[in-house]
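Heavy-atom basis, side chains included; hydrogens, waters and symmetry copies ignored. Residue numbers begin at 1 in each chain, while the letters A, B, ... track the order of the sequences. Computed from a prediction, not measured in an experiment: that's the story for all the values here.
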Number of protein chains: 2
Amino acid sequence: MTIPTSIASQQHDHSHCISTAMEQAKAVCAQNGARLTPLREQVFRLVWNSHQPLGAYALMDMLAAESTRRVAPPTVYRALEFLLEQGLIHRINMLNAFVGCTHPSSEHANNFLICEHCGVAIEFSADPLQTSINDTAAEFGFSINAQSIELMGCCQHCREAEL
Amino acid sequence: MTIPTSIASQQHDHSHCISTAMEQAKAVCAQNGARLTPLREQVFRLVWNSHQPLGAYALMDMLAAESTRRVAPPTVYRALEFLLEQGLIHRINMLNAFVGCTHPSSEHANNFLICEHCGVAIEFSADPLQTSINDTAAEFGFSINAQSIELMGCCQHCREAEL
DNA sequence: CGACAAAGTGTTATAGAATAACATAACTTC
DNA sequence: GAAGTTATGTTATTCTATAACACTTTGTCG
């Protein structure tokens, strides 16, 4: 049911990603008693249009292109805020951009590999990594509320393509 | 010679932090053949005024307050860019803010504990953590160019103060 | 049903963060 | 000291994000 993140940078049937994400989103909202309104669903679809994080203003333009009415920043930011709260999307701090969450139902840390060439953000989770994080925090007597791990570099796909 | 990061959130002789950081900065620049001009030194001092990350515009206001002439954004951004290049400061992506690096001479990853209450950013490094990061990247065939680990939460000092 | 509250969206304006482009000054290096 | 490089000043603009208020839709409860 969860979307395998490792395929993000490879050729794949992305429409399948979208439909799976959509299903999951509806399930999550139903469970949380949250309303996935048409506008929110539209923003969610746009975010999921690719595995490349999208800026709020890019999303705004896409929204404006789809509907005839003009769209102001708060419209998209409120939708994004809702989706973030529901854990349906993530914010990439290094890019000021947003990307769909590939496993919204499970507990998830905010861990990303971001390719500088193709722009794809690959979400990952790794138990030993999380253990190290928790150990380090404990060492400092620090309690974690939010965590952001972002690794910028070059994905396998792009490196092989450049040979 | 290196400033112990764990004390950042505690009472300490901060003037000592500043003078140590200043020494290190001069050494690093000398070694790199980079010019730590008066402006850059001034910005460096301001960043080091505390262990709380500072936004570029806050720094700009502080610069303006110190000198009579008005200061425009590029002035501070260029100084910050230089200091980042020399590895003398770090950028906290979650906050759009900058903080002094506590061990500029050694190889350093961009790892921070950030207290939401007192605003202090504690830089840390941990071998097992870095190993996990590298292992994970290797698993995905991903080569890392830049890394950002930011943990938001509550530091020991603040938690104890709230009891 | 109808009134009320709550949640969502529209709209305007503004704040905050960062950079582009060009001009001027200062510092090398020969 | 003339030429080239590096640093800074200056103006304008772009990109990112939120505040404040109006209006509409949805949900609830008597």
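Comparing dT16(D), dT8(D), dT11(D) by their nearest atom to the side chain of Tyr57(A) picks out dT16(D). Relative to the side chain of Arg40(B), the nucleotides dT19(C), dT8(D), dA20(D) differ in distance, and dT8(D) lies closest. The side chain of Thr37(A) approaches dG8(C) more closely than any other nucleotide in the set dT11(D), dG9(D), dG8(C). Closest contact between the side chain of Pro74(B) and the listed nucleotides dT9(C), dT11(C), dT11(D) involves dT11(D). Residue Arg35(A) places its side chain closer to dT26(D) than to any other of dT19(C), dT26(D), dT16(D).
For Leu39(A) and dG10(C), the CG to P distance is 6 Å, given to the nearest whole Å. Between Gln42(A) atom CD and dG8(C) atom C1' the separation is 15 Å, expressed in whole Å. Whole-Å rounding puts the Asp61(B) CG to dA17(C) P distance at 10 Å. Put simply, CG on Leu54(B) is 11 Å from P on dA17(C), counting in whole angstrom units. Look at CG on Leu83(B): it is 12 Å from P on dA7(D), rounded to the nearest Å. In this structure, Phe98(A) atom CZ and dC15(D) atom C1' are separated by 13 Å, rounded to whole Å. One atom, CD of Glu41(B), and another, P of dT8(D), lie 12 Å apart when rounded to the nearest Å. The distance between atom CD of Glu81(A) and atom C1' of dA19(D), rounded to the nearest whole Å, is 13 Å.
The nearest heavy atom of DNA chain D to Arg78(A) and to Ala58(A) marks one nucleotide each, and the one closer to the 5' end goes with Ala58(A). Between Ala72(A) and Ala79(A), it is Ala79(A) whose nearest contact on DNA chain C lies nearer the 5' terminus. Position along DNA chain C of the nearest nucleotide to Ala97(B) versus Thr75(A) favours Thr75(A) as the more 5'-ward residue. With the nearest nucleotide of DNA chain D identified for both Asn96(B) and Pro38(B), Pro38(B) has the one nearer the 5' end.
In this structure, His12(B) and His51(B) have tilted ring planes: the angle between them lies in the 30° to 60° band.
The base of dG10(C) is not paired with the side chain of Arg70(A) by any donor and acceptor separated by under 3.5 Å.
The closest donor-acceptor contact from the side chain of Glu150(A) to the backbone of Met94(A) lies under 3.5 Å.
Other residues, nucleotides and ligands place no more than 12 heavy atoms under 6.0 Å from the CG atom of Asp127(A).
Shortest non-hydrogen contact noted between His117(B) and Gly153(B) is ND1-O, 4.3 Å.
For the residue pair Ser67(B) / Arg69(B), a side-chain donor-acceptor distance below 3.5 Å is found, with atom types taken as modelled.
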